[in-house]
K.L.:
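After the structure tokens below, expect a handful of questions from me.
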Amino acid sequence: MSTVTPVPGPKGSLLLGSLPDFRRDVLDAYLRGWREHGDVVRFALGPPGLRADVYAVFSASGAQQVLASRSANFRKDNKFYEEIRQSLGNGLLTSQDEDYVRQRRLVQPLFTRRRVDGYADALYEEASSVVDAWRDAPGSVVDLSEEMTRFTLRAVTRILFGADIEAAVDVVRRSFPVIGAYTRDRGTAPVAVPRQWPTPANRAAARAQADLYALCDRIIAERRAAVTDDGDDLLSLLSRAASEEDGSLDADEVRDQVLVFLLAGHETTATSLTFALHLLGHHPKEQQRAREEVDRVLGGRPPVAADLDRLPYLTQVLKEAMRLYPAAPAIGREVVADTEVDGFPVPAGATLLVVPWVIHRNTRYWEDPERFDPERFTPEREAGRPRYAWMPFGGGPRACIGQHFSMLESVLALATFLRAYEVESLDTDIPLDAGITLTAKARARARLTARQLP
Ligand code: HEM
């Protein structure tokens with residue numbers, strides 16, 4: 001007979017279980033769950049009779065089992081992914097089975113290391129135009145979150161879609177937060193009213209979705225009008241696949257793909273960059289060390305892809321920022337066969353969350369976890385830690401396709417920014433929003449002081 005222990009967890013309120021805690025501050029609810037109950041925790045959400053169990057995994061070994069070694073037992077069939085599918089379509093992030101295999105095979109060539117390294121010039125140009133624009137910032141103060149969102153969105157539309165659509169910034173900034181909050185709320189609600197009902201939340205989400213679809217259609221149409229079919233960016237690749245006779249991609253799939261890459265390709269990296277700069281702006285010593293490395297390695301020349309390996313301290317800073325602020329704070333799955341995670345039983349049909357927000361703070365791997373300390377990522381110290389103790393990009397067969405793109409973009413951008421400015425953060429404790437991704441809920445202001453370029 002098996003001797004597995006039932007999964008512990010908070011009782012929560014009599015009426016709604018842990019749902020009010022999740023609604024109030026889900027990141028805090030995860031952390032408290034881990035502190036009080038351990039590495040695998042069961043949260044009961046909703047009123048008795050409609051209560052849904054959500055299993056949360058807070059250990060590196062558990063994450064590895066769910067995402068990699070036992071990944072066949074966990075699918076993207078959970079409510080949260082279903083909500084994303086409803087809002088953003090069936091692109092590479094949400095698709096499964098044959099659709100997924102076909103889509104991934106199609107876009108994979110654009111994300112090989114060599115190919116991504118070829119985007120370095122464009123990334124540097126976009127980062128330089130941010131640096132130029134900052135010279136006119138009123139009072140030399142900027143909101144890092146707004147600046148980084150604009151930067152990453154411009155970079156992704158230019159590189160992946162060959163488009164320069166300034167209007168995209170407004171539409172995306174207005175629409176994605178609405179979809180994010182809506183997805184999170186419906187994803188945890190015991191019962192959600194049908195999307196077609198004219199409630200204020202449904203109407204706002206439908207409007208946001210329509211605006212995003214219109215934006216994607218416009219990106220696709222403008223691109224079609226502008227070029228022949230020999231482009232080699234994502235949009236050209238998708239359009240060619242759509243016009244092939246075997247119908248390997250239909251028009252909706254092209255739009256869904258554009259939408260997913262628009263979201264996944266910018267908001268996440270914007271969060272990493274925002275918090276990397278925000279943290280450096282509070283830690284002048286670390287900032288100075290990173291800048292000295294940049295000056296030493298680059299001198300006066302623009303950064304190139306090979307500099308990623310030559311800027312180890314800056315990369316450590318970025319990794320530490322991504323540890324403290326993982327852009328995907330929880331990664332959801334549905335359990336499809338009774339199985340065990342870290343020795344605890346999880347039943348088929350349950351929702352399961354792998355939670356980098358907590359794994360990145362688990363004291364089993366991280367001493368004094370709330371402290372900003374890039375030294376944690378020296379090669380020696382990294383080698384002493386389990387692979388999944390740091391996992392902002394997920395892992396296993398569904399790991400992030402944009403990992404190298406994002407790291408290259410962030411390091412080149414940080415090098416470009418730090419070379420031109422000293423950064424002083426003016427806000428502490430930026431409130432966070434954990435919708436589809438983790439974002440700053442308030443401004444993260446920084447005062448910039450221009451430097452004499454070396
Ligand atoms: C800091 C930056 C980023 C973070 C933290 C991040 C995080 C993640 C995570 C955790 C997953 C796995 C989700 C799951 O297993 O359910 C994922 C998947 C994905 N990411 Fe990223 N991502 C980042 C940047 C990017 C960029 C720059 C792109 C595109 C250019 C991108 C595109 C995607 C796509 C398409 C998937 C789905 C991949 C698949 O299932 O095959 N991401 N990302």
Side-chain angles (χ1 to χ4, degrees), residues 57 63-64 66-68 71 74-78 80-82 84-85 88-97 99-108 110-112 115-116 119 122-123 148-149 151-153 155-161 187 233-235 238 256-276 315 318-319 321-334 351-357 359-360 388 390-414 434 436-439:
V57 177
Q64 197 269 340
V66 173
L67 298 181
S71 63
F74 305 93
R75 286 172 55 87
K76 294 191 174 189
D77 291 338
N78 54 317
F80 192 72
Y81 261 120
E82 187 48 40
I84 300 182
R85 216 168 271 129
L88 303 178
N90 196 34
L92 191 65
L93 181 65
T94 48
S95 63
Q96 299 191 98
D97 306 319
D99 283 343
Y100 173 72
V101 173
R102 190 166 42 84
Q103 294 176 7
R104 177 105 188 189
R105 195 178 298 138
L106 185 67
V107 301
Q108 184 68 47
L110 294 183
F111 291 91
T112 60
R115 191 64 176 269
V116 169
Y119 307 145
L123 290 168
M148 293 304 103
T149 306
F151 163 65
T152 54
L153 193 54
V156 91
T157 48
R158 171 171 171 182
I159 292 169
L160 296 186
F161 309 138
D233 57 23
L234 179 67
L235 197 46
L238 296 173
D256 290 352
Q257 227 57 262
V258 168
L259 189 48
V260 154
F261 276 92
L262 199 61
L263 169 67
H266 92 279
E267 206 172 40
T268 44
T269 309
T271 293
S272 303
L273 279 170
T274 298
F275 286 103
T315 307
L318 177 65
K319 286 182 168 176
M322 294 174 79
R323 180 185 70 82
L324 284 164
Y325 298 94
I331 299 171
R333 292 289 187 269
E334 180 160 299
T351 294
L352 182 143
L353 299 170
V354 172
V355 187
W357 178 262
I359 297 173
H360 289 182
Y388 281 75
W390 185 79
M391 48 155 310
F393 295 107
R398 298 298 301 252
C400 179
I401 198 172
Q403 173 162 355
H404 181 56
F405 185 111
S406 172
M407 292 302 284
L408 181 71
E409 176 176 13
S410 298
V411 170
L412 295 191
L414 286 172
I436 300 175
T437 59
L438 188 76
T439 50

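Hydrogens, waters and symmetry mates are skipped; everything else that's a heavy atom, side chains included, is used. Remember, it's 1-based here, ligands and their atoms both numbered in the order they're listed.
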K.L.:
Considering only heavy atoms of F261, which atoms of ligand 1 have at least one such atom less than 4.0 Å away?
P.N.:
29 (C), 35 (C)
K.L.:
With a 4.0 Å cut-off on heavy atoms, is K76 in contact with ligand 1?
P.N.:
yes
K.L.:
Just need the protein heavy atom nearest to atom 40 (O) of ligand 1, so name the residue and atom and give the distance.
P.N.:
R398 NE, 2.7 Å
K.L.:
Between T152 (side chain) and M148 (backbone), is there a donor-acceptor pair under 3.5 Å?
P.N.:
yes
K.L.:
Considering both backbone and side-chain atoms of S406, is one of its nitrogen or oxygen atoms within less than 3.5 Å of a nitrogen or oxygen in ligand 1?
P.N.:
no
K.L.:
Could you find the nearest protein heavy atom to atom 29 (C) of ligand 1 and give me its residue, atom name and distance?
P.N.:
G265 CA, 3.6 Å
K.L.:
Does ligand 1 have any atom that is closer than 4.0 Å to a heavy atom of M391?
P.N.:
no
K.L.:
Which heavy atom in P356 sits nearest to a heavy atom in I331, and how many Å separate them?
P.N.:
CG-CD1, 4.1 Å
K.L.:
Considering T268, L93, I159, V107, which one's heavy-atom position lies nearest to atom 3 (C) of ligand 1?
P.N.:
T268
K.L.:
Given F74, Y81, Y325, which has its nearest heavy atom closest to atom 14 (C) of ligand 1?
P.N.:
Y81
K.L.:
Any side-chain to backbone donor/acceptor pair from T271 onto E267? Under 3.5 Å, distance only.
P.N.:
yes
K.L.:
Can a donor-acceptor pair be found between the side chains of N90 and Q103 at a distance below 3.5 Å?
P.N.:
no
K.L.:
Which residue is it: F405, F161, F111? I am looking for the one with a ring-ring contact (aromatic ring centres under 6.0 Å, His included) to F261.
P.N.:
F111
K.L.:
Report yes if R104 has an N/O atom closer than 3.5 Å to an N/O atom of ligand 1; otherwise report no.
P.N.:
yes
K.L.:
Between the candidates A264, A328, A321, which shows the shortest non-hydrogen contact distance to atom 26 (C) of ligand 1?
P.N.:
A264
K.L.:
For ligand 1, note which part of I331 has a heavy atom under 4.0 Å away: side chain, backbone, both or neither.
P.N.:
side chain
K.L.:
Would the distance check show the side chain of T268 and the main-chain N or O of A328 forming a donor-acceptor pair, the cut-off being under 3.5 Å?
P.N.:
no
K.L.:
Considering non-hydrogen atoms only, spot the tightest contact between L408 and V116 and give its length.
P.N.:
CD2-O, 3.5 Å
K.L.:
Heavy-atom contacts under 4.0 Å between C400 and ligand 1: side chain, backbone, both, or neither?
P.N.:
both
K.L.:
Just which atoms of ligand 1 are under 4.0 Å from any heavy atom in A327?
P.N.:
5 (C)
K.L.:
Of the side chain and backbone of M322, name the one, both, or neither that has a heavy atom under 4.0 Å from an atom of ligand 1.
P.N.:
side chain
K.L.:
For the residue pair E334 and D77, what are the closest heavy atoms and their distance?
P.N.:
OE1-O, 3.5 Å
K.L.:
Look at atom 9 (C) of ligand 1 and find which of F393, F111, Y100 reaches it with the closest heavy atom.
P.N.:
F393
K.L.:
For atom 1 (C) of ligand 1, find the nearest protein heavy atom and state the residue, atom name and distance (0.1 Å precision).
P.N.:
S272 OG, 3.1 Å
K.L.:
Under a 4.0 angstrom heavy-atom cut-off, which atoms of ligand 1 come close to G394?
P.N.:
10 (C)
K.L.:
N/O of T269 under 3.5 Å from N/O of ligand 1, yes or no?
P.N.:
no
K.L.:
How far is atom 7 (C) of ligand 1 from its nearest protein heavy atom, and which residue and atom is that?
P.N.:
P392 O, 3.4 Å
K.L.:
Tell me if a side-chain donor or acceptor on H266 pairs with a main-chain N or O of L153 at a distance below 3.5 Å.
P.N.:
no
K.L.:
What's the spacing between F393 CZ and H404 NE2 if we round to 0.5 Å?
P.N.:
11.0 Å
K.L.:
At the 4.0 Å heavy-atom cut-off, does R333 count as touching ligand 1?
P.N.:
yes
K.L.:
Check for a donor-acceptor pair, side chain of R333 on one end and backbone N or O of L352 on the other, with a separation under 3.5 Å.
P.N.:
no
K.L.:
Restricting to non-hydrogen atoms, name the atom on A399 and the atom on R104 that form the minimum distance, rounded to 0.1 Å.
P.N.:
O-NH1, 3.4 Å
K.L.:
For L123, is there any backbone N or O sitting under 3.5 Å from a side-chain donor or acceptor partner on E409?
P.N.:
no
K.L.:
Quick test: of every protein heavy atom, which one is nearest to atom 34 (C) of ligand 1, and how far off is it to 0.1 Å?
P.N.:
I401 CG2, 3.7 Å
